[in-house]
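The structure appears below as structure tokens.
As the structure lists them, so they are numbered: ligands from 1, and atoms in each ligand from 1. Just so you know, these numbers come straight off a predicted model, no measurement behind them.
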Amino acid sequence: MRRALVTGISGQDGSYLAERLLADGVEVHALHHPSEARDRPRPAYCPDEVVLHIGDLTDHKAVGGLVRELAPDEIYNLAAVSSVARSWQEPELVEAVNATAALALMDAALRAQQRTGAPVRFVQASSAEIFGQPEQSPQDEQTPVRPVNPYGAAKARAHAGIAEHRERGLHAVSAILYNHESPRRPAQFVTRKITSTVAAIARKRADRLVLGNLEARRDWGWAPDYVDALVRAARADLAQDFVVATGVAHSVRDFVSAAFARAGVDDWARYVSVDSDLVRPVDAVELRGDATLAHDVLGWTPTVGFTELVARMVDADLASS
Ligand code: GDP
């Protein structure tokens, strides 16, 4: 039986990845942060079959010991401080978790492989934020890495670590993930903030949606499709980096308009206002990915487009409100 170690199990992607791996018959182990475990012994949406190990990714020694003990066939590093907005407030934490701990986990994987002789497949959840404010759109695996915020900078260091560990013999993959969403997305991200608030407005429990930059254009996909790409990349013959994206960008304004339409609320502009405090110091105008390589090599294609994504998220929030 294949064995996988997943970090970031309490996040949206961790839960979908665990479900995906279990369905494949993989034994799934996951690192669960002690502070989260205190409040919630099992993260939301985490299937019961997942074996949880309480530990902090930044405790390199303990994590190294866990990798040695488990000797996993696959490691998926999804743990991260995932908010770009928060990365300006806590740059040291972002560096420690998103960069240094990721590099230490790669080292542990390589050491485990060297000791046992059994290959370890390592997938790093990277981000379109490594491209910063790219001059051209769409971006692909050749686009220069030039991050413009602490989150992107830390992800870029981990991305470089993947290339380095690949040179040293690890099947190491950096999956450059564009924004990917679902009803499990926390409301600190703009999509879920929009759909949860729109549902509340439709139910007459709220009357305002306050946002930052409405003109930012993002390539939003369906999260379960993106974890599927991670698994395909882990199992590919050749380790290489992949952009994972739909190739279609929409503005935040488009998302707002589609969400209100789905909820059956007319004249949405009267509910929406902009707060300049929510506008970021630097924000890419458009992040849109070209996933041709993932399509050609991994046979990966996104299954859910923009309108359907918005509909699924709004419907879930209407159903629970
Ligand atoms: P990110 O791309 O990982 O930072 O994902 P987010 O969902 O947090 O942000 C996506 C885009 O939405 C960015 O360009 C933000 O500037 C923009 N945005 C506009 N208003 C808001 C808001 O109220 N909250 C968040 N999180 N983002 C917003």
What about F306 and F255, are their ring centers closer than 6.0 Å? yes
Could you check, using the six-membered ring where one of them is a Trp, whether H53 and H29 have ring centers closer than 6.0 angstrom? yes
Close N or O approach ([X], ligand 1; < 3.5 Å):
| X | value |
| --- | --- |
| R218 | yes |
| S82 | no |
| D283 | yes |
| V84 | no |
| L278 | no |

Are R270 and D267 close enough for a salt bridge, meaning some N to O gap below 4.0 Å? yes
Ion pair check, E36 and R40, cut-off under 4.0 Å: no
Proximity of [X] to ligand 1 by residue part, where a heavy atom lies under 4.0 Å:
| X | result |
| --- | --- |
| V190 | both |
| N179 | side chain |
| K193 | side chain |

Residue [X] vicinity, atoms of ligand 1 by number, heavy atom under 4.0 Å:
| X | answer |
| --- | --- |
| G212 | 19 (C), 20 (N), 21 (C), 23 (O) |
| A216 | 14 (O) |
| V252 | 12 (O), 17 (C) |

A side-chain contact here means heavy atoms from C-beta on lying under 4.5 Å apart; do F260 and V314 qualify? no
Between Q89 and S87, is the side chain to side chain donor-acceptor pair (under 3.5 Å) condition met? List the steps. CA-CA 5 Å; Q89 269 94 56; S87 78; over 6 Å; no
Check for me whether R218 meets the cation-pi criterion with Y178, that is, NZ or CZ under 6.0 Å from the six-membered ring centre and within 45 degrees of the ring axis. no
Checking R192 side chain against P186 main chain: does a donor-acceptor pair fall under 3.5 Å? no
Among protein heavy atoms, which lies nearest atom 8 (O) of ligand 1, and at what distance? R280 NH2, 2.8 Å
What is the nearest protein non-hydrogen atom to atom 26 (N) of ligand 1, stated with its residue, atom name and distance? Q188 O, 2.9 Å
